[in-house]
**Student:** 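Pasting a structure here, questions to come.
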Amino acid sequence: MKSSSVKGNESPRPTAADDAAEEAKKAKLAKVEAWKKQLAEKNKPGTAKTSGPAAPGVKLGNSTGLGSPALPSPAVASNINLGSSPPIVKDKKPASPAPYAGKFDPKAIAKRAAAKLEKSRAALDGNAVLPKSATEASVKTIASLANKSKVASTSSWKGAVNSVSNNAKISVFGLSKVAAEKSLDKPSSANKSAANLGEDEEISRRLEKLPDLSDAVATGDTALANGADEQDEGVDDIRSDEEEAEAAREAAQKRAQAEQDDVAMAEGEDTAVRSANVSGDVDMADEDEVDPLDAFMNDLTVPVDNAMPNLAIGKSEKKGAQVFNSDDEGDLDAVGNGTDDIMAMAAKRKRKDIPAVNHAKMQYEPFRKAFYTEPIELAEMTAEDLDILRSDMDNITVRGKDAPKPIFKWSQGSFGAQISDVLSEMGYEKPTPIQSQTLPAIMSGRDTIGIAKTGSGKTVAYLLPMFRHIKDQPPLDKLDGPIGLILAPTRELATQIHRDCKPYLKALNLRAVCAYGGAPIKDQIAELKRGAEVVVATPGRIIDLLAANSGRVTNLKRVTYIVLDEADRMYDMGFEPQISKLLGNIRPDRQTVCFSATFPPKLESLARKALTRPLEILVGGRSVVAAEITQIIEVRTEDTKSHRMLQLLGELHDVDEDARSLIFVERQETADKLLMFKARWAVTNRTNVAKILDSSGTSITSKGVFYDKGKEPGTGEQPKLYILVEGDTEVAVQSAMTDLTRLLKEGALAAMEADNKAPVGRYSVV
Ligand SMILES: Nc1ncnc2c1ncn2[C@@H]1O[C@H](COP(=O)(O)OP(=O)(O)OP(=O)(O)O)[C@@H](O)[C@H]1O
């Protein structure tokens, strides 16, 4: 989100001289740095601060750590509420917001807004450019902030206050006091009705009014995001990945609850997942590289929304899952769009599961995993050479016994002529570091964990051994399922992997099917029935397919090679129960490989249970945080989050008005809410207006809401505010008008975008 702080006095424009600009830049950077430091200092007592690899030993703040000294203690902070919570926040400095150094005086505005709430509402009503709803919310926020949270005393608060304060003057660009004050006398019934609501509450209230599309299908917010897709595809698309994730999260939470109640304990040993090799041969004590962020997150005791579920594999899984009703194709295809169908779909969801396999009773064919022969040039390498080679290759580290040396040429990999041909066709000159070390490991038949950053070539690292592995086995029979199963968290990743397979499939005469939620299951059923040596799938959908038609669509009997790609994301998304189930249904002597960009301790312990004697190969360090990046974590309660965010943005923009921020949110509604703030900033930003006036040499006067007789707006219509733009030349005025219109349009568009999602009113462009 880019926005500028709202400043009263413009700092002088930099001269053309380069060094002056350079100086200014330096000063700005120094200011930002100083601010960061100050912020970090402020946050010390209750804030987790982490940095990149340089700070492994950092003592993290306690889990309930909260903000800066500018804010109250956690208990108090939780009472800060932009909405309707009682105004019990007390700041050390009871002063009102710091005075603003420009023509705008937010202090005065806030004061006035607090004291004359009614009048303020009317003011917004009277000024035509903004709709009632938007303006009233702004003023209410000012009032609410001014009254309730005296935290406004910090300079950092300025940004937040300014952003909202200036809304009061939006319609007059902050230049016509008269118009604003005139309009103070115009009460509005709509405003009155909402007079006591804070902005947040108002927004939430409106969001609540949105049609609830999810009642029948109970898919949560994410279903809304995919609404269009889902409708197009019809309800036979059992679940999208997001829905799967949502369901997975729910399942995981239930399991966690079950564990707490000790219910699952009574069910005895879990047969679903191998656990014989928990210790493996990985040096468990070798925990020298603990990611500080992971450590902090692990330490958290504060309940966080959608916190990672209790992930102990299989412990609470009920032994011997039920065999569900026949899920025949007719049933699947017959699902239409009506209510009954939705109910049918919901029922189908409930019964979707796969029976547990008793491996002792299965007759599995023996298979080969080890295809690698160490080339002579590697065999002759000394331990010292090996160290140098690994450190040259992006600092490869390996945990586990008998790890092969990394290869540095494709010819060293024992892949066979066809795969080598594809590699040269692809133009891949040599293996990337993660490939160098994981390829010989996997080709030796070892279960392997590969950790390397995104885009490092992890896909090829597991595909090549998989194809070699598949080609070593007898061709598929008519009813056989896949030999290689690749699990990925999302449809996008699954399709990307499927695409990456294609050149090899063609060369090796193999087939692959991609199966993910949110696409018609019947197509996937048809493809699977034709047979495929490789299945790339999201966890929920493959379970749907395995359960479909009493297991006659596909099965896991021939799977001997399984990949968990982006394992961290799968576990984060709550797919652990599905993964456990799938792993439990695949023969225990399979080869399992797991790739991930990060490897938090929780995932590590899970992987150790699911993999046998794994080799853990790490490229480029465990932490994904660059050393020069400082991370500051604040755990906030829901009701203080937006307030704190605005405060931080205000602080940041105070020292650097060009500063950019990226804000990640979990829900679409939250993004909409933020967008509204952004829209207001864009429209009301006096700095932007002043810049336009400055560069065009024009001036602006508000002409108020004047209408010729007989041309007054009709009932319920928004009146328009007229402004007079004056300049020396027509060109100057024209240019100012163009820029001002653009500025307003940007704000209007942003507001409308938010408005499409939630009925919050609309900005008018004059
Ligand atoms: N040895 C290689 N030489 C050159 N390019 C390669 C090599 N291996 C893979 N690539 C290419 O590098 C890009 C990234 O590879 P890939 O998608 O496998 O990375 P990744 O680590 O799996 O990324 P992600 O985490 O996003 O899935 C792809 O375009 C791939 O074709």
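A quick note: this is a predicted structure, and the numbers were derived from the prediction, not measured. Order of appearance sets the numbers: ligands from 1, and atoms from 1 within every ligand.
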**Student:** Does atom 31 (O) of ligand 1 have a protein heavy-atom neighbour under 4.0 Å away?
**Tutor:**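 Flag for atom 31 (O) of ligand 1 set to true, protein heavy atom closer than 4.0 Å.
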**Student:** Taking atom 9 (C) of ligand 1 as the reference point, report whether a protein heavy atom occurs under 4.0 Å from it.
**Tutor:**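 Within 4.0 Å of atom 9 (C) of ligand 1, protein heavy atoms are found.
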**Student:** Counting each atom of ligand 1 from 1 as listed, which ones have a heavy atom of Lys453 under 4.0 Å away?
**Tutor:**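 Listed by number with element: 21 (O).
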**Student:** Using a 4.0 Å cut-off to any heavy atom of Gln435, which atoms of ligand 1 qualify?
**Tutor:**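 So the answer, numbered in order with elements, is 1 (N), 2 (C), 7 (C), 8 (N), 9 (C).
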**Student:** Checking the side chain of Thr448 only, and the main-chain atoms of Arg446 only, is there a donor and an acceptor separated by less than 3.5 Å?
**Tutor:**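 Yes.
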**Student:** Taking Lys458 for its side chain and Lys453 for its backbone only, find out whether a donor-acceptor pair lies under 3.5 Å.
**Tutor:**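 Here the side-chain-to-backbone pair exists.
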**Student:** Which residues pass the side chain to side chain contact (heavy atoms under 4.5 Å, CB included) test with Pro465, sequence neighbours left out?
**Tutor:**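 Pro465: side chain to side chain contact (heavy atoms under 4.5 Å, CB included) contacts with Leu439, Ile442, Met443, Tyr561.
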**Student:** Any protein heavy atom at under 4.0 Å, with atom 12 (O) of ligand 1 as the reference point?
**Tutor:**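 Given the 4.0 Å cut-off, atom 12 (O) of ligand 1 does not count as touching protein heavy atoms.
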**Student:** Taking C-beta and beyond as the side chain, do Val535 and Ile486 meet within less than 4.5 Å on heavy atoms?
**Tutor:**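 No - every pair of side-chain heavy atoms lies 4.5 Å or more apart.
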**Student:** Just to be sure I read this right, does ligand 1 sit under 4.0 Å from the backbone of Glu429, its side chain, both, or neither, counting only heavy atoms?
**Tutor:**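 Within the 4.0 Å criterion, Glu429 makes no contact with ligand 1.
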**Student:** Looking only at protein heavy atoms, which one is nearest to atom 4 (C) of ligand 1, and how far off is it?
**Tutor:**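 Of the protein heavy atoms, Tyr428 CD2, 3.5 Å lies nearest.
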**Student:** Is there a donor-acceptor pair under 3.5 Å between the side chain of Asp392 and the backbone N or O of Leu389?
**Tutor:**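 No, the answer is negative, given that no donor and acceptor are paired below the 3.5 Å cut-off.
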**Student:** Considering only heavy atoms of Lys430, which atoms of ligand 1 have at least one such atom less than 4.0 Å away?
**Tutor:**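 Within the 4.0 Å cut-off of Lys430, ligand 1 contributes 1 (N), 2 (C), 3 (N).
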**Student:** Ignoring hydrogens and geometry, is there a side-chain-to-backbone donor-acceptor pair from Trp410 to Ser424 under 3.5 Å?
**Tutor:**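 The answer is no, because no donor-acceptor pair under 3.5 Å joins these two groups.
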**Student:** Could you tell me, atom by atom, which parts of ligand 1 come under 4.0 Å of a heavy atom of Gly455?
**Tutor:**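 Ligand 1 atoms under the 4.0 Å threshold to Gly455: 14 (C), 19 (O), 20 (P), 21 (O), 23 (O), 24 (P), 25 (O), 26 (O).
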**Student:** With only distance considered, is Thr459 within less than 3.5 Å of ligand 1 through an N or O on each side?
**Tutor:**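 Yes: some nitrogen or oxygen of Thr459 is under 3.5 Å from one in ligand 1.
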**Student:** Decide if atom NZ of Lys369 counts as having more than 12 heavy atoms of other residues, nucleotides or ligands within a radius under 6.0 Å.
**Tutor:**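 Atom NZ in Lys369 is packed in, count exceeds 12.
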**Student:** Show the atoms of ligand 1 that are less than 4.0 angstrom away from any heavy atom in Gln496.
**Tutor:**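 Matching atoms, with element in brackets: 17 (O).
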**Student:** Please check whether Ser456 reaches ligand 1 - meaning an N/O of the residue sits under 3.5 Å from an N/O of the ligand, judged on distance alone.
**Tutor:**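 N/O-N/O distance below 3.5 Å exists for this pair.
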**Student:** Select one of side chain, backbone, both or neither to describe which atoms of Met426 lie under 4.0 Å from any atom of ligand 1, heavy atoms only.
**Tutor:**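 It is neither; nothing of Met426 touches ligand 1.
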**Student:** Salt bridge (charged side-chain N to carboxylate O under 4.0 Å, His left out) with Arg499: which residues, sequence neighbours excluded?
**Tutor:**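 For Arg499 there are no salt bridge (charged side-chain N to carboxylate O under 4.0 Å, His left out) partners, ignoring immediate neighbours.
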**Student:** Atoms of ligand 1 less than 4.0 Å from Thr454 heavy atoms?
**Tutor:**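 The atoms of ligand 1 under 4.0 Å from a heavy atom of Thr454 are 23 (O), 24 (P), 25 (O), 26 (O).
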**Student:** Short list, please: which atoms of ligand 1 are under 4.0 Å from a heavy atom of Thr432?
**Tutor:**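 What qualifies from ligand 1 is 1 (N), 2 (C), 7 (C).
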**Student:** Can you figure out which of Leu493, Val460, Leu463 has its heavy atom closest to atom 27 (O) of ligand 1?
**Tutor:**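 Among Leu493, Val460, Leu463, the closest heavy atom to atom 27 (O) of ligand 1 comes from Leu493.
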**Student:** Which word best sums up how the rings of Phe371 and His469 line up, parallel for under 30°, tilted for 30 to 60°, or perpendicular for over 60°?
**Tutor:**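 If you compare the ring of Phe371 with that of His469, the planes turn out perpendicular.
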**Student:** Indicate the atoms forming the closest heavy-atom contact of Val559 with Ile586, along with that distance.
**Tutor:**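 Nearest heavy atoms, Val559 then Ile586: O-CG2, 3.5 Å.
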**Student:** Just wondering, do Phe415 and Arg468 contact through their side chains at under 4.5 Å, heavy atoms?
**Tutor:**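 Contact flag for Arg468/Phe415 side chains = no.
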**Student:** Can you check whether Thr612 reaches Pro588 side chain to side chain, under 4.5 Å on heavy atoms?
**Tutor:**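 No. Closest side-chain heavy atoms not under 4.5 Å.
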**Student:** Classify the contact between Trp410 and ligand 1 as side chain, backbone, both or neither, using a heavy-atom distance cut-off of under 4.0 Å.
**Tutor:**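 Near ligand 1, Trp410 shows its side chain, while the N, CA, C and O stay back.
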**Student:** Distance to 0.1 Å, residue and atom name: give those for the protein heavy atom nearest to atom 19 (O) of ligand 1.
**Tutor:**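 Answer for atom 19 (O) of ligand 1: Gly457 N, 3.1 Å.
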**Student:** Test your reading of the structure: does Pro431 have an N or O sitting under 3.5 Å from an N or O of ligand 1?
**Tutor:**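 In fact, backbone or side chain, Pro431 has no N or O that close.
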